[in-house]
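Hydrogens, waters and symmetry mates are skipped; everything else that's a heavy atom, side chains included, is used. When a ligand or atom number is given, it counts from 1 through the structure's own listing order. No experiment lies behind these values; they were computed from the predicted model shown.
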Amino acid sequence: MDKKYKPSKEYLAYLDSLPKSFFVTVLENSYNEHIVYDADGKILYVNPACIRHYGLKPEEMINRNNADVYQGYWTPPGLDVFYVKKDTAFLRQYFIPSDSVFYTIGVPVLNEEQDIEMIIGTVQEEPVKEWDVDYNKKSRTSKSHFKSEEIPLISVSYQYWKIVSELKEVSESTIPIMLLGESGTGKTYMAKYIHENSHKEGLFMALNCAAIPEALLESELFGYAGGAFTGASKAGKVGLIEMANEGTLFLDEIGDMPLSIQAKLLDVIENKRYLPVGSTKMKYVNTRIITATNKDIDQLVAEGEFREDLYWRICTFKAIIPPLRERVKDILPLATFFLKNFNLSYNKSKRFSKEIISFFQEYPWPGNIRQLKNLIERLVVTGRGNEISMKSLPDYLLEETKRFPDYQKSGVGFNKRVDAFKKELVQKAYEQYPTIRKLAQALEVSPTTAQRLVEKYCKEVSERSSEM
Ligand SMILES: Nc1ncnc2c1ncn2[C@@H]1O[C@H](COP(=O)(O)OP(=O)(O)OP(=O)(O)O)[C@@H](O)[C@H]1O
């Protein structure tokens, strides 16, 4: 709806006077598909045009997740428009099972807090030629300025897009960003995405601090002056910090950076300057630093392994990318996205069986998105026939399903089980060690983490002890 449009009282009264059956008749007989989702992508309403589009009746689609219905293909580019810009998205969707192209216009409806309440979509087949021309013009001008064709972010989770939206706000500044999360959750990918969307003119450079020996790390980062050491080139070498001038330097595994280099990095962040190895001439740069780690950095600070002053500078803005098992809704969109891409690269037309989709959603993915992506590539490349079924899984995964023989049937998801286990562990330890310092030692975590765990899991225990 036009946001400036406010219906008059008389018109609203007229609408009120019409019976509900009138609206039902209009919607149910409209040639175009009308589809309404809640903020999580669950289908709340769809009219019978969906039978023509997907071969599914409305009653088969209601309460299912969008991605689940579009099995074989998922087009999430509109999601950043919905969740970040909170604006109308124009999408061209290709639906693999029927080999059809649909045009979707999604309009987000916001509540009083300006959060998404629902998304109202209209879907139609390839439009007539003349309209097509206009449509293309329109879709080009409506392109979001915070999305990347090169790095499509796949997620249907509101939580995830909230993080992206916050990152957007800091992306154009030079405020350092710290990305936390388990291996394979997409920290490097997100860093590239931030760079792409930050309108910086310089390059994106990345370095894994854990993969390089200390002596080399310093010259990789800061470069060196000609002849700075035996074997050094006469012309010297430009470091990554300079290469990323006016751009972004992504430092992965920052927790592994040696203390001596940490001091130099602090100078770069605070004063935008540094000395190349063996040089006496300061260099000046304007480089955005993004760091990542999957180590407990609070603990490294507590143990004196990481400089506290640097820690406070690099974590000015901290974003935690949740593991895949905590955003189960993203598994299918990601899986179908990878399936589509690998089908294209290997010229295949594989599809998932129903059971393998359930398995994907139940498996805990310790290697996160990386593991899912690698598995799908393997499943597309290997095996006969077009269906990817449970039989196609590699042995190590079939073994895994046996290790949790009842988790598919019990109805208790992996997250709930892990959470129950953590709760029991923390509560028992807290009963035995009722101070944060001792509890932190017993659980081998930092005091900050111990405090967080107590707040999360030990409310009942502390209430019990205060009653006694
Ligand atoms: N939102 C996303 N949409 C699509 N693909 C993604 C997304 N996030 C991550 N990926 C894919 O997942 C893979 C792993 O991501 P990435 O290498 O960024 O993880 P990481 O957290 O940096 O891992 P590590 O800590 O081990 O370095 C990448 O190949 C990337 O293509």
Side-chain angles (χ1 to χ4, degrees), residues 41 66-67 70 73-84 144 146-168 171 177-197 204-212 248-257 289-297 300 314 318-345 360 363-381:
N66 188 3
Y70 288 79
Y73 191 76
W74 165 248
T75 318
L79 286 177
D80 57 352
V81 185
F82 295 143
Y83 290 126
V84 180
S144 156
F146 194 58
K147 84 176 182 195
S148 163
E149 303 297 336
E150 301 274 306
I151 306 162
L153 277 193
I154 309 296
S155 176
V156 291
S157 128
Y158 188 61
Q159 245 359 69
Y160 190 86
W161 283 106
K162 244 192 163 148
I163 298 172
V164 178
S165 160
E166 286 163 7
L167 284 169
K168 178 194 176 217
S171 69
I177 293 176
M178 180 181 257
L179 299 173
L180 299 172
E182 290 177 12
S183 178
T185 44
K187 299 182 294 296
T188 313
Y189 197 72
M190 181 69 91
K192 275 193 207 146
Y193 185 83
I194 298 166
H195 171 75
E196 282 253 323
N197 288 283
F204 174 87
M205 304 302 296
L207 181 71
N208 185 329
C209 304
I212 298 184
T248 308
L249 176 66
F250 174 60
L251 297 171
D252 202 359
E253 308 292 359
I254 186 80
D256 288 279
M257 180 176 271
I289 308 281
I290 303 181
T291 56
T293 180
N294 46 39
K295 284 196 169 167
D296 185 343
I297 200 138
L300 294 178
I314 57 175
K318 232 180 351 185
I320 304 173
I321 307 187
L324 200 48
R325 63 179 174 279
E326 283 176 19
R327 41 190 177 116
V328 174
K329 279 186 193 149
D330 281 349
I331 295 173
L332 187 54
L334 281 162
T336 51
F337 171 74
F338 295 137
L339 178 69
K340 184 198 77 170
N341 286 349
F342 289 127
N343 267 338
L344 275 175
S345 327
F360 284 166
Y363 180 67
W365 300 107
N368 294 296
I369 304 181
R370 182 179 294 116
Q371 186 189 7
L372 176 69
K373 185 176 174 182
N374 291 345
L375 174 72
I376 289 172
E377 180 167 20
R378 178 188 166 142
L379 293 174
V380 167
V381 173

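Distance check: Thr185 OG1 to Leu180 CG gives 9.5 Å after rounding to the nearest 0.5 Å.
Ring-plane geometry between His195 and Phe204 is classed as tilted, the angle between the planes lying from 30 to 60 degrees on a 0 to 90 degree scale. Between Tyr363 and Trp365, the ring planes lie perpendicular to each other; the angle is over 60°, past the 30° to 60° tilted range.
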Test side-chain contact (heavy atoms from CB on, under 4.5 Å) on Ile254 and Ile297; report intermediate values, then the result. CA-CA 9 Å; Ile254 186 80; Ile297 200 138; 4.1 Å; yes

As a quick check of understanding, evaluate side-chain contact (heavy atoms from CB on, under 4.5 Å) for Tyr189 and Leu153, giving each step before the final call. CA-CA 9 Å; Tyr189 197 72; Leu153 277 193; 3.8 Å; yes

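Sorted by first and then second residue, the pairs that involve residues 179-195 and meet salt bridge (charged side-chain N to carboxylate O under 4.0 Å, His left out), not counting sequence neighbours, are Glu182-Arg325.
Protein residues lining ligand 1, listed by chain and number: Pro152, Leu153, Ile154, Tyr160, Glu182, Ser183, Gly184, Thr185, Gly186, Lys187, Thr188, Tyr189, Asp252, Asn294, Leu334, Phe338, Ile369, Arg370, Lys373 [non-hydrogen atoms, distance under 4.0 Å].
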